Amino acid sequence: MSSETAVKIYSAFSQKGLKQTIADAKAHIKQLYLSDEIPWVIGYSGGKDSTAILQLIWYALLDLKEEDKCNKEVHVISTDTLVENPFVAMWVEKSLERMKQATETQGLPIIPHRLTPAVKDRFWVNLIGKGYPAPRFKFRWCTDRLKIAPSNAFINGLVDKGGEAILVLGTRKAESTARAASMDHYESIETNTRKADGLTANGSLDRVWVYTPIADWTNDDVWVYLNSVNNPWNFPNQDLMGMYQGATEGGECPLVVDKSTQSCGDSRFGCYVCTMVSEDKSMTAMIANDDEKDWMLPLLALRNEIDVNDANRDKKLDKLRRDKSRRDFRRMNGNLTVHISKHGADIVPGPYIQSFRAELLEKVLKAQVAVQQMGPAEVKDLELLPVEELEEIRRIWLEEKLEIEDILPGIYERATGKTYPGNKRAHHPILNEDVMIKLKNYCAKQDDGDGLMYQQIRAVMAIANKHKNQLRRANLANELNDSLEKGAFSSLEDAKTFALRRKQHELRIQLDNSPNLTAKERETIEEQMAIVTRSIHQQGYSSLLIETEVVSDDF
């Protein structure tokens, strides 16, 4: 190809060169830093983009320190979801430690923070404890709890103290057309009164400005900079490139502060349990490219255990059937929800049932043991389920789900070979695992195939026990009524027939009592009635793919 027809490749360094472009970037950082007393928060993920912006700011502050003008605090926040790719999590943790050491030596007001979700918001607490189904595109419950909440809580805390905050992010317009459009929108929005300063408005955080120092850089620009400038906290950028080379091509996992920011589903380094993609390509590649990373295989197995995605339709249907067999036919509050699609009408499945939650708990604990035994020294003490999460799962099972057998300590001891480290609970003469097993076996002999009779008796016993020592038992009757209503069915088929006939009746009422319906609306309702009527006679959950399944926080 001749030089006349060659396509010129864009670079942020093309016009002024690397050295001058970096000098200009540092000059702008220093000007902005000195312009007010608003604290800065840098989102650091350990990836290339966040490393680049932190380096730029770090060197700018070193210059200001020489001028005795470096006094305002700069907070570096990194959110650890506690289900991160452990190799990347270790990288970030070590880099934060190096930052602390370097800031002490260099006398800079840079303060690193490792943020984690509240125990109640953690992944396994919600999935194994409450029974939340694995995240999916129409129910991405993980992003809010694991990423947005910890970072926003920290930033809002600063805002409450100082009135405003500047959030520094490594987002770049070259990442995607959607990202470029979003960044352009917030640059030009009317509420952006600091556009002249190079700041943009924030879509979700009040009184927070966003600063993106490398907004116009390309992917190659970032690597050129990192390979040309030494890391100021003594964490070699060549090692960072090596980590990227061990995975597939893509972008880093960004700091997520709102739902408009792409979560880890399309990123290079994300959570090892991420079910937003059909395959964890980064971890798979790391293992394939380095035999010494085989210790992460048990983590891949956990993800595959709960995944429902697959490019192959038949395989996806198999995964959906498996997923539905693991879930209650009732929502979390006991309600039955009917969903109608062109494939048929069915009950929308709710939370994971007890047997699967117990099975998954054991698998996670066994994976923890395997990783500790197979992995390097850095992961010998790695806990996929620390004690505080185990105790919260146990509390949810006992108090919210009324699963009074208290099976968690036994599962832990079987899986790990160690004594359960959580709290000791007094042995109840009746409400204990041995007695409950006998009750369950008795119910099974009474044709309790789905275990619903056992669940109802157990719940009533648990509720009565909870109120036995209370002077006022005002809520006892209500709790018993709610429990009896939730357990009013003898089988899945019984519940499904009831729910579909109720839906059929609701559609008939709507059709007969809505005189202003258009012909098209009447036709739609009649089609839905026909689908519901046909589906009443189908056995079990629909085996067809429900393309528009409705899910919400209460299942």
Side-chain angles (χ1 to χ4, degrees), residues 11-44 48-78 95-96 98-113 155 158-159 161-173 183 186-187 192-202 207-217 221-222 224-235 237 255:
S11 168
F13 308 144
S14 296
Q15 186 174 1
K16 298 181 180 179
L18 172 65
K19 189 173 181 180
Q20 187 58 48
T21 302
I22 300 306
D24 290 348
K26 286 169 55 182
H28 184 264
I29 289 169
K30 288 187 281 187
Q31 178 187 350
L32 184 61
Y33 178 86
L34 296 173
S35 66
D36 53 45
E37 297 302 317
I38 300 175
W40 284 21
V41 180
I42 303 175
Y44 177 75
K48 66 182 191 310
D49 297 336
S50 58
T51 299
I53 61 168
L54 181 53
Q55 276 198 186
L56 284 169
I57 293 170
W58 196 295
Y59 278 114
L61 295 186
L62 284 173
D63 289 349
L64 290 175
K65 184 176 182 297
E66 292 182 2
E67 303 171 27
D68 198 24
K69 296 180 179 178
C70 185
N71 302 307
K72 186 168 65 175
E73 290 183 346
V74 173
H75 300 272
V76 179
I77 62 171
S78 180
S95 63
L96 292 175
R98 292 283 184 90
M99 287 178 205
K100 291 178 182 178
Q101 296 168 3
T103 54
E104 291 174 3
T105 303
Q106 299 170 21
L108 295 177
I110 297 176
I111 309 170
H113 304 269
I155 295 167
L158 286 181
V159 171
K161 292 179 182 178
E164 292 179 282
I166 292 177
L167 177 60
V168 190
L169 299 175
T171 49
R172 296 180 294 107
K173 294 180 180 180
M183 294 176 72
Y186 285 111
E187 283 177 10
N192 184 18
T193 58
R194 297 196 64 179
K195 182 177 181 179
D197 296 326
L199 302 179
T200 64
N202 187 282
R207 295 173 293 163
V208 176
W209 302 100
V210 176
Y211 180 36
T212 53
I214 61 171
D216 297 319
W217 290 22
D221 290 339
V222 176
V224 167
Y225 170 66
L226 292 178
N227 285 314
S228 302
V229 179
N230 290 331
N231 183 287
W233 57 91
N234 195 30
F235 215 56
N237 291 333
L255 175 79

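In what follows, every heavy atom counts, from backbone to side chain, and hydrogens, waters and symmetry copies are set aside. Source: prediction; values computed, not measured.
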Distance, nearest 0.5 Å, that separates [atom1] of [X] from [atom2] of [Y]:
X: Ile166; Y: Lys72; atom1: CD1; atom2: NZ; value: 5.5 Å
X: Asn71; Y: Tyr33; atom1: CG; atom2: OH; value: 6.0 Å
X: Asp49; Y: Ile53; atom1: CG; atom2: CD1; value: 8.0 Å
X: Ile110; Y: Met99; atom1: CD1; atom2: CE; value: 8.5 Å
X: Tyr59; Y: Asn231; atom1: OH; atom2: CG; value: 7.0 Å
X: Leu167; Y: Leu158; atom1: CG; atom2: CG; value: 10.5 Å

Just to verify, what does [X] make a side chain to side chain contact (heavy atoms under 4.5 Å, CB included) with, not counting sequence neighbours?
X: Ala25; value: Leu56
X: Glu164; value: Ile38, Arg207, Trp209
X: Thr105; value: none

Would you check, one step at a time, whether the test side chain to side chain contact (heavy atoms under 4.5 Å, CB included) holds for Leu96 with Ser78?
CA-CA 9 Å; Leu96 292 175; Ser78 180; 4.1 Å; yes
Salt bridge (charged side-chain N to carboxylate O under 4.0 Å, His left out) partners of [X], counting only residues at least two apart:
X: Lys16; answer: Asp24
X: Glu66; answer: none
X: Lys26; answer: Asp63
X: Lys69; answer: Glu67

Donor-acceptor check, side chain of Asn202 to backbone of Val208, threshold 3.5 angstrom: yes or no?
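Side chain of Asn202 to backbone of Val208: no pair is present.
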Any sub-3.5 Å donor-acceptor pair from Gln101's side-chain atoms to Asn234's backbone N or O?
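No, because the side chain of Gln101 does not come within donor-acceptor range (under 3.5 Å) of the backbone of Asn234.
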Kindly write out the residues that satisfy side chain to side chain donor-acceptor pair (under 3.5 Å) with [X], not counting sequence neighbours, or none if the list is empty.
X: Tyr211; answer: His28
X: Asp216; answer: none
X: Ser95; answer: Tyr44
X: Ser228; answer: none

So Arg172 and Val222, side chain to side chain contact (heavy atoms under 4.5 Å, CB included) or not? Walk me through it.
CA-CA 10 Å; Arg172 296 180 294 107; Val222 176; 3.8 Å; yes
Minimum heavy-atom distance [X]-[Y], with the two atoms named:
X: Ala12; Y: Asp221; result: N-OD2, 2.8 Å
X: Trp40; Y: Ile29; result: CH2-O, 3.7 Å
X: Pro232; Y: Ala102; result: O-CB, 4.2 Å
X: Ile155; Y: Val41; result: CG1-CG1, 4.3 Å

pair Val229-Asn237: side-chain heavy atoms closer than 4.5 Å:
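Val229 vs Asn237: side chains apart.
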Hey, are the side chains of Pro39 and Glu73 touching, using non-hydrogen atoms and a 4.5 Å cut-off?
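Sidechains of Glu73 and Pro39: no contact.
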Only counting residues at least two apart or in another chain, list the ones meeting ring pair (Phe, Tyr, Trp, His ring centres under 6.0 Å) with Trp58.
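Applying ring pair (Phe, Tyr, Trp, His ring centres under 6.0 Å) to Trp58 gives Trp233.
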Take Ile111 and Thr103, measure what side chain to side chain contact (heavy atoms under 4.5 Å, CB included) needs, and give me the verdict at the end.
CA-CA 8 Å; Ile111 309 170; Thr103 54; over 6 Å; no
Taking atom CD of Gln20 as the centre, report whether more than 12 heavy atoms of other residues, nucleotides or ligands fall under 6.0 Å from it.
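Yes, because the 6.0 Å sphere around CD of Gln20 holds more than 12 heavy atoms from other groups.
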Might you work through the side chain to side chain contact (heavy atoms under 4.5 Å, CB included) test for Thr200 and Thr212, ending with a clear yes or no?
CA-CA 9 Å; Thr200 64; Thr212 53; 5.5 Å; no
